[in-house]
Number of protein chains: 2
Amino acid sequence: MQEFDLKQEVTDKYSLRGRVFNKVREDILSGKYKENDELKEIAIGEELGVSRTPVREAFRQLELEGLIQIIPNKGAYVTGITMNDVKDIYMIRSKLEGLCAAWACEHITKEQLEEMEENIYLAKFHAERGHFEQMSELDSRFHEIMYEACNSKILEHNLRDYHQYVMRVRKKTLSTIDRSLASNAEHQAIMEAIRDKDAKRADELATLHIHNAYENMVKNGLKEAYSNE
Amino acid sequence: MQEFDLKQEVTDKYSLRGRVFNKVREDILSGKYKENDELKEIAIGEELGVSRTPVREAFRQLELEGLIQIIPNKGAYVTGITMNDVKDIYMIRSKLEGLCAAWACEHITKEQLEEMEENIYLAKFHAERGHFEQMSELDSRFHEIMYEACNSKILEHNLRDYHQYVMRVRKKTLSTIDRSLASNAEHQAIMEAIRDKDAKRADELATLHIHNAYENMVKNGLKEAYSNE
DNA sequence: TTGCGTATAATTGTATACAATCATACCACG
DNA sequence: CGTGGTATGATTGTATACAATTATACGCAA
């Protein structure tokens with residue numbers, strides 16, 4: 001009840017505010033609204049067929065999520081993610097995914113572990129064939145399972161936020177067969193460590209996994225990947 | 001401009017929404033509003049002499065900060081922090097403060113370093129005399145300087161959030177002369193490592209510092225401290 | 001007495017009207 | 001020609017009115 005459980009209310013599909021929030025968030029993350037674009041309350045409201053009130057409330061939330069910046073009496077502007085931000089997030093995630101993997105050792109359920117194994121098995125199939133869209137989905141899901149398995153609303157929420165935040169660039173990092181295969185092998189190693197309840201190893205492997213993902217991203221030209229969107 | 005810079009707008013003292021946000025936040029953190037208290041828009045509005053609109057917007061922000069939970073069509077309730085949440089946050093902070101200290105080694109300015117030294121010097125004075133209110137202030141400020149010095153908007157924002165979030169319980173952890181002195185000694189060691197640009201040592205010391213703070217809190221009866229508020 | 005259903009009150013969700021602020025353009029003046 | 005000030009329009013900030021939803025209380029029937 002009194003949990004750190006936020007996303008649920010925010011993403012409320014049945015309130016206008018929630019719909020506006022989701023739509024604008026999507027549009028920012030997908031690149032429809034670009035850095036420094038000005039978001040006007042009336043325009044967004046008309047586009048979605050709602051008044052300014054829910055739009056304004058959604059804006060306040062987007063501001064706290066760091067997706068837009070609101071300048072009083074002036075307007076709402078889309079905040080960009082700089083390359084530095086991406087780097088910072090990956091470094092932070094590296095630490096936190098390690099923690100998450102370690103905690104998952106204690107709390108993962110049999111069902112979650114089985115879904116992980118299935119995920120890895122399926123990912124191998126798609127990785128070999130260069131199905132990058134599916135790979136991206138499976139990668140997201142793998143981490144999502146781990147977030148759920150760590151049994152900490154706080155950490156789960158934090159990691160999910162970052163995961164979403166770097167979505168724009170993350171997809172690119174899996175866009176080679178080599179990296180897809182390597183990434184999946186790393187997933188398998190992490191899963192095995194968690195299965196064996198070896199928290200120390202799980203921590204190290206998950207930490208390294210994010211490090212590798214970042215290194216790979218830099219190597220494959222983060223700059224272009226980033227500026228394309 | 002396009003920074004991850006949020007707090008500034010939120011704490012805008014000159015908008016009604018900002019005033020409401022700050023007031024309610026204060027009241028929650030200070031314990032005026034207790035866990036599971038229902039916050040009614042009209043009541044808060046009347047108390048501050050404003051209409052519901054700015055109150056609602058402030059509520060949305062408080063929700064994302066995790067201080068209240070909004071149940072659609074029902075109401076806003078003060079979220080409690082469970083002991084598990086506190087533990088999780090300290091574990092996460094432990095990792096991130098380490099990262100922060102390491103980064104600060106590269107980016108800290110001479111002014112920031114000097115303020116740290118001054119902070120530690122002054123804290124010694126107050127610690128010896130059992131001035132816990134001042135200690136709490138100085139402790140907050142020490143960490144704040146480090147957050148600023150790490151040169152990462154993302155990490156700074158993240159750590160500041162957690163710091164605020166556990167404010168309720170954090171004050172209690174410094175409420176003995178022994179812990180105050182020990183804490184300050186740890187601050188000094190961290191500062192010296194940062195001054196010497198020894199990132200590895202700074203990381204370890206900051207990590208340990210938060211660990212110690214948590215251990216101390218548990219020892220001194222987190223349970224009572226927590227349930228008192 | 002207990003249980004259910006309806007009516008009423010209270011509260012939140014949304015829309016709109018009005019006030020305040022900011023940006024722009026135009027004109028007067030040096 | 002350039003500069004400054006004012007007027008006008010656009011946009012956000014706030015208040016209020018209305019709609020929808022939820023909680024509560026009361027009455028009726030089993």
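Chain naming here is simple, since letters A, B, ... match the order of the sequence lines and numbering starts at 1 in each.
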Heteroatom pairs (N/O) under 3.5 angstrom, protein to nucleotides 16-20 of chain C:
from, atom 1, to, atom 2, distance (Å)
C:dT16, O4, A:T53, OG1, 3.3

More than 12 heavy atoms from other groups under 6.0 Å of CD on A:E47: yes

Over 12 foreign heavy atoms within 6.0 Å of CD, A:E38: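 Enclosed: over 12 neighbouring heavy atoms sit under 6.0 Å from CD of A:E38.
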
Quick one: [X] [atom1] to [N] [atom2], roughly how many Å, whole number?
X: B:E57; N: C:dT14; atom1: CD; atom2: P; result: 13 Å
X: A:R17; N: C:dT12; atom1: CZ; atom2: P; result: 12 Å
X: B:I70; N: D:dT21; atom1: CD1; atom2: P; result: 18 Å
X: A:F59; N: D:dG13; atom1: CZ; atom2: P; result: 10 Å
X: B:L16; N: C:dT21; atom1: CG; atom2: P; result: 11 Å

A:E144 with A:R160: basic N within carboxylate O range, under 4.0 Å: yes

Residue-phosphate contact under 4.0 Å: A:R56 side-chain N/O, C:dA15 OP1/OP2: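 Checking A:R56 against C:dA15: no side-chain N or O falls below 4.0 Å of OP1 or OP2.
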
Nucleotide of D:dA23, C:dC22, D:dT12 approaching A:K74 most closely (side-chain heavy atoms): C:dC22

Mutual orientation of the aromatic rings belonging to A:Y90 and A:Y214 [parallel < 30°, tilted 30-60°, perpendicular > 60°]: tilted

Main-chain N/O of A:W103 paired with A:H107 side-chain donor or acceptor, under 3.5 Å: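 Indeed, once roles are kept as given, a pair shorter than 3.5 Å links the two residues.
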
Any donor-acceptor N/O pair, A:S30 side chain to A:E26 backbone, under 3.5 Å: yes

Residue pairs involving residues 110-120 of chain B (criterion salt bridge (Lys or Arg N to Asp or Glu O under 4.0 Å); sequence neighbours excluded): B:E115-B:R141

Of residues 37-48 of chain B, the positions that come close to DNA chain D - non-hydrogen atoms, cut-off under 4.0 Å: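 Residues of residues 37-48 of chain B that come under 4.0 Å of DNA chain D do not exist, since none gets that close.
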
Any donor-acceptor N or O pair under 3.5 Å, side chains B:N184, B:S180: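 No pair is found: no donor N or O on one side chain lies under 3.5 Å from an acceptor on the other.
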
